[in-house]
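Working notes, structure below.
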Amino acid sequence: MIAGVITAMAVTSVQATPITGGISLSGDYTVNNGGNLNIATAFTSFTGVEVTSMGGSYVGAGITMYTPGSVTMNAFSFNPFPVLGLSPLWTTTVGTLASFDLFSPISVVQGSDALTLSGVGILHLAGYDPTPGTWVFTANQGGDSFSFSLSCASANPTNFPNISKQPVSQFVSSGTSASFSVTASGAQPLRYQWQFNGQNISNATNATLNLNSVTATNSGGYSVVVSNPYGSVTSSTAALKLLAVDTTVPCYLMTATPLPDRQPGKNNLVLVTHGWAPGSTEPPPPQWVSDLCSNLQTRVPSDWQVVPYFWVDQAWTYPGNMISLENSVLGNAQNIGTQIGRQIDEQGWQHVHLIAHSAGSALIQSAADAIRSENPSIVIHTTFLDPFLGLDGRGVSWYGSNADWSDNYYDQDAATGVFTQGGLPNAYNVDVSWLYPNYTKVPYGIIGQYVAYATHDWPHDFFNETVTNISASWCGTNYGFALSEEGSRWSDTTSDTPGNVPLVLCGSSCAVPVQTQPIVLFDVVDVVEGAWSAGATLVGNAGFILNSSVSVFSPSAKFQPNGSPIQPAISTNSTGTTAWLAAGLTITNAVNFIQFDAAFTDTNNAEGLLTVLWDTNQIGTVDERVVSPDLQTYRFFLPNTVTNGVYVLGFRLDSFDNTSSSITVTNVVTGFVGITTPLTLGISITNTTPLLQLTGASNYNYLVESSTNLVDWTPTALLVNSNGMIQFTDTTVTNSSTRFYRAVLP
């Protein structure tokens with residue numbers, strides 16, 4: 001009997017799952033017999049393994065047999081009798097893992113002082129089927145040696161370690177304990193090594209990992225490596241998140257720059273403002289706003305005051321940062337607009353014309369809402385210039401409401417695409433793309449229909465030209481400025497019906513408008529149970545009351561799912577200190593926004609600010625000074641789309657003076673805006689004409705652009721995608737040696 005060890009039998013350690021092929025084994029050991037050729041008592045080593053699997057070939061994967069040990073042999077003598085017919089010659093066993101049954105010598109070479117035997121034997125290796133192999137034994141005065149080789153021993157996966165129950169993510173409060181556990185099977189002994197963010201944890205070698213008095217430093221990912229002599233497997237990563245809100249970081253209190261004073265003799269107001277201000281640094285105030293106001297002041301009656309309004313510091317983000325545009329810029333526009341609307345009411349204007357471009361549309365719409373709420377007698381006219389509708393399209397049904405009359409001038413452009421273009425149901429709609437001096441004519445939908453592509457800035461330049469161009473023959477002379485009380489056609493607007501099929505102004509033959517389609521796909525899921533807060537008491541089984549002086553935790557509390565009857569879900573109270581609530585969310589599908597209903601409930605002229613956080617990122621605020629007192633729906637986009645993982649959703653209420661502030665929040669849900677179907681564009685050439693096929697989500701329009709240098713892209717076709725697949729030809733190709741295509745949401 002040989003006492004030995006086979007180490008790192010984990011021929012599967014190179015992969016996360018057991019090998020599907022086999023092993024080829026070869027090597028030798030020396031039998032120590034003390035010069036006695038009749039009896040062998042021990043061996044020194046047996047090494048050499050090649051593992052062949054679907055992943056490739058691995059040499060030296062780790063079978064090693066060590067001395068001391070013993071070999072049980074049948075007695076035999078070299079001289080004078082041969083040893084033919086001995087079967088088995090011997091049996092060698094290494095622990096409980098491997099044994100060699102040697103039999104059927106097929107070759108014997110015998111001399112006076114040496115013997116060589118070769119034959120066929122069986123390798124019994126735990127985790128593998130018994131496998132034939134060839135062996136060679138030699139003996140002489142220097143010692144005996146043995147070699148054995150085989151090919152492709154078939155693995156038995158049941159011996160490899162397997163995890164049947166993965167560790168589960170934990171949400172705990174600071175100072176409490178947390179534990180992770182794993183259930184595994186496979187040949188014994190099973191060994192465990194826990195890891196934190198991929199690094200081994202000292203002395204964490206049990207099936208359960210216990211953490212006591214956790215702090216923020218313990219937040220992260222926990223996994224465990226389970227191993228035995230045949231392999232190893234790593235568990236999925238479970239997260240540990242602390243349910244807390246950082247109250248040491250001060251909240252940002254935004255205030256609006258006030259309007260200039262109302263001038264003597266002025267009864268009516270024109271306010272012009274800009275929208276999104278992208279740039280690597282904060283850009284200067286847009287010149288077009290000043291130019292338009294200067295031109296307007298020369299045309300309006302004497303009792304009208306024209307005011308430019310700049311909010312660049314609140315409208316600036318880095319180019320392409322659509323999430324900041326949605327969360328910060330659009331949110332700031334709404335808060336500023338509410339404050340401006342209240343100031344307009346306080347200044348006592350009789351008629352106001354609010355004009356805005358892009359994201360500034362949310363500013364003038366919020367101003368109109370505030371004016372209408374404060375003083376219904378003020379006449380309100382809103383003009384939208386290529387308005388930014390929001391990533392979720394909220395502006396479609398919102399813009400133009402609470403106005404006595406509203407108009408919307410938009411164009412097709414590749415920069416802002418579907419987030420700006422299209423008609424509004426509460427406004428008179430005009431497509432001004434064809435008036436752009438350098439428009440691109442693009443096929444649309446079916447053969448014979450066309451749209452024009454301009455730029456996102458063109459609508460405000462168009463409106464300025466309606467002020468300065470007094471030529472009666474100009475195509476746009478009766479629109480824009482003319483359709484206002486301070487212009488010449490205010491009395492004619494009764495024939496211009498809001499929600500009209502957009503007028504394609506000055507379009508060429510077969511020009512068609514492009515209506516705004518639904519640009520969101522919702523996949524709303526419930527917020528999971530497991531909320532925790534400092535100073536929380538449970539309201540029924542559906543909500544919380546937060547109070548900075550009380551600390552009560554109820555693990556059974558949960559938010560109301562979307563669409564359920566509204567119940568008090570979160571009521572917070574802050575008396576000069578911060579009240580907060582945090583909830584743990586396990587995300588298993590695509591999510592990029594948080595939505596909830598909220599209403600401030602105090603009646604003491606408080607000024608509170610609700611801040612919403614995703615982990616440590618602030619994603620939105622609700623300012624008590626500028627929101628309506630009744631229940632409102634709020635949607636804040638996450639820093640990026642998440643598809644799986646664990647996160648902490650936090651609500652924080654601050655009071656900016658010693659007056660108590662309280663808010664009720666309910667119907668908290670997560671959701672996703674956008675398309676999830678991959679978009680592909682294929683191409684084939686028929687008689688030198690490209691035939692392209694686009695495959696993507698149905699019921700969306702797609703813009704196909706072409707380029708000869710991968711830098712400058714030109715709109716080529718605007719496709720109506722009704723069934724997920726479209727084929728079309730590029731008839732504009734003329735002697736182009738190199739041409740590239742791409743498809744985007746328009």
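Throughout, residue positions are numbered sequentially from 1 according to the sequence presented.
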Discussion item. Are His381 and Trp490 an aromatic pair, judged by ring center distance below 6.0 Å?
Written reply: yes
Worksheet item: Which atom pair, heavy atoms only, marks the closest approach of Cys475 to Leu505?
Response: O-CD1, 4.2 Å
Discussion item. Ring-plane angle category for His357 and His460, please: parallel below 30°, perpendicular beyond 60°, tilted otherwise.
Written reply: perpendicular
Worksheet item: Any side-chain donor paired with an acceptor under 3.5 Å for Gln595 and Thr633?
Response: no
Item to complete: Carefully, step by step, assess Asp404 and Arg372 under the rule salt bridge (charged side-chain N to carboxylate O under 4.0 Å, His left out).
Response: CA-CA 10 Å; Asp404 293 275; Arg372 182 63 71 227; 3.0 Å; yes
Discussion item. Once rounded to the nearest 0.5 Å, what's the spacing between atom OG of Ser484 and atom CD1 of Ile355?
Written reply: 7.5 Å
Response to the item:
For Pro425 and Val396 the tightest heavy-atom approach is CD-O, 2.9 Å
Worksheet entry | Sole residue of Trp316, Trp311, Tyr309 in ring pair (Phe, Tyr, Trp, His ring centres under 6.0 Å) with His274 | Trp311
Item to complete: Taking the side chain as every heavy atom from C-beta outward, state whether Ile340 and Leu354 have any atom pair closer than 4.5 Å.
Response: no
Worksheet item: Any donor and acceptor pair, going by atom type alone, linking the side chain of Asn592 with main-chain N or O of Val673 inside 3.5 Å?
Response: yes
Practice prompt. First locate atom SG of Cys506, then atom CH2 of Trp434, and finally report the distance between them rounded to the nearest 0.5 Å.
Written response: 11.5 Å
Worksheet item: Is the backbone of Phe463 close enough, under 3.5 Å, to the side chain of Thr466 for a donor and an acceptor to pair up by distance?
Response: yes
Worksheet entry | Residues Arg299, Ile470; criterion side-chain contact (heavy atoms from CB on, under 4.5 Å); working and verdict | CA-CA 11 Å; Arg299 295 285 308 276; Ile470 59 175; 3.9 Å; yes
Worksheet item: Does any N or O in the side chain of Thr338 come within less than 3.5 Å of the main-chain N or O of Val626, such that one atom is a donor and the other an acceptor?
Response: yes
Item to complete: Output, in order, the C-alpha distance, side-chain angles, deciding distance and verdict of side-chain contact (heavy atoms from CB on, under 4.5 Å) for Tyr450 and Val512.
Response: CA-CA 6 Å; Tyr450 296 91; Val512 294; over 6 Å; no
Response to the item:
Interatomic distance, CG@Leu681 vs CZ@Phe740, rounded to 0.5 Å, equals 13.5 Å
Fill in: Spacing of CG belonging to Asp303 relative to NE2 belonging to His351, to within rounding of 0.5 Å
11.0 Å
Item to complete: Decide yes or no for Leu259 and Gln347: does some side-chain heavy atom of the first lie under 4.5 Å from some side-chain heavy atom of the second?
Response: yes
Worksheet item: When rounded to the nearest 0.5 angstrom, what is the spacing between CG in Asn617 and CG in Leu638?
Response: 9.0 Å
Worksheet item: Of the non-hydrogen atoms in Val442 and Leu718, which two are nearest, and what is the gap between them?
Response: CG1-N, 3.5 Å
Worksheet item: Would His353 and Glu485 count as a side-chain contact (heavy atoms from CB on, under 4.5 Å) if you check the C-alpha gap in whole Å, the side-chain angles of each, and the deciding distance to 0.1 Å?
Response: CA-CA 9 Å; His353 184 185; Glu485 183 175 354; over 6 Å; no
Worksheet entry | Check: Tyr439 and Gln412 side chains under 4.5 Å, non-hydrogen atoms | no
Item to complete: Could you check if a side-chain atom of Tyr436 sits within less than 4.5 angstrom of a side-chain atom of Tyr453, using non-hydrogen atoms only?
Response: no
Practice prompt. Verify, without hydrogens or angle tests, whether Glu374 (side chain) and Arg342 (backbone) share a donor-acceptor contact under 3.5 angstrom.
Written response: no
Worksheet item: Judged by modelled atom types alone, do Thr383 and Asp407 share a side-chain donor-acceptor pair under 3.5 Å?
Response: yes
Practice prompt. For Thr317 and Ser324, test the side chains for any donor-to-acceptor distance below 3.5 angstrom and give the result as yes or no.
Written response: no
Discussion item. Quick check against the 3.5 Å criterion: does Gln305 have a side-chain atom that pairs as donor or acceptor with the backbone of Gln263?
Written reply: yes
Worksheet item: Ignoring hydrogens and geometry, is there a side-chain-to-backbone donor-acceptor pair from Thr477 to Ser471 under 3.5 Å?
Response: yes
Discussion item. When you compare the side chains of Asn335 and Gln339, does any donor N or O come within less than 3.5 Å of an acceptor on the partner?
Written reply: no
Worksheet entry | Under 3.5 Å: donor-acceptor pair, side chain of Gln350, backbone of Val379 | no
Worksheet item: What's the verdict on side-chain contact (heavy atoms from CB on, under 4.5 Å) for Glu326 and Arg394, showing C-alpha distance, side-chain angles and the deciding distance?
Response: CA-CA 11 Å; Glu326 175 73 19; Arg394 73 186 71 175; 2.3 Å; yes
Worksheet item: Is there side-chain contact between Trp276 and Phe388, with heavy atoms separated by less than 4.5 Å?
Response: no
Discussion item. Under a plain distance cut-off of 3.5 Å, with no hydrogens placed, do Asp413 and Thr416 share a side-chain donor-acceptor pair?
Written reply: yes
Worksheet item: Between Thr273 and Gly360, what is the shortest heavy-atom contact and its length?
Response: CG2-O, 4.2 Å
Worksheet item: Is there a donor-acceptor pair closer than 3.5 Å between any side-chain N or O of Thr716 and the backbone N or O of Thr714?
Response: yes
Worksheet item: Do Trp398 and Ser361 have side-chain heavy atoms sitting under 4.5 Å apart?
Response: no
Item to complete: First locate atom CZ of Phe651, then atom OG1 of Thr611, and finally report the distance between them rounded to the nearest 0.5 Å.
Response: 11.0 Å
Discussion item. Is the shortest side-chain heavy-atom distance between Val627 and Tyr634 below 4.5 Å?
Written reply: yes
Worksheet item: Looking only at heavy atoms, what is the nearest atom pair of Gln343 and Pro258, with distance?
Response: OE1-CA, 3.4 Å
Item to complete: Could you tell me whether a side-chain N or O of Asn327 sits under 3.5 Å from a main-chain N or O of Gly620, the two making a donor and an acceptor?
Response: no
Item to complete: Answer yes or no: is there a side-chain heavy-atom contact under 4.5 Å between Leu391 and Phe593?
Response: no
Worksheet item: Strictly by modelled atom types, are Asp386 and Trp458 linked by a side-chain donor-acceptor pair under 3.5 Å?
Response: no
Discussion item. If only side-chain N and O atoms count, and only distance matters, is there a donor-acceptor pair under 3.5 Å linking Asp431 with Ser433?
Written reply: yes
Worksheet item: Is Arg489 positioned over the aromatic face of Tyr479, cation under 6.0 angstrom from the ring centre and no more than 45 degrees off axis?
Response: yes
Worksheet item: Do Gln334 and Asn332 get their side chains close enough for a donor-acceptor pair, meaning under 3.5 Å?
Response: no
Worksheet item: Are the side chain of Asp411 and the backbone N or O of Ala452 linked by a donor-acceptor pair below 3.5 Å?
Response: no
Fill in: Candidate list Asn426, Thr382, Asn429, test side chain to side chain donor-acceptor pair (under 3.5 Å), partner Ser406, passing option
Thr382
Discussion item. Please give me the minimum heavy-atom distance between Leu435 and Trp474, naming the atom from each residue.
Written reply: CD2-CZ2, 3.7 Å
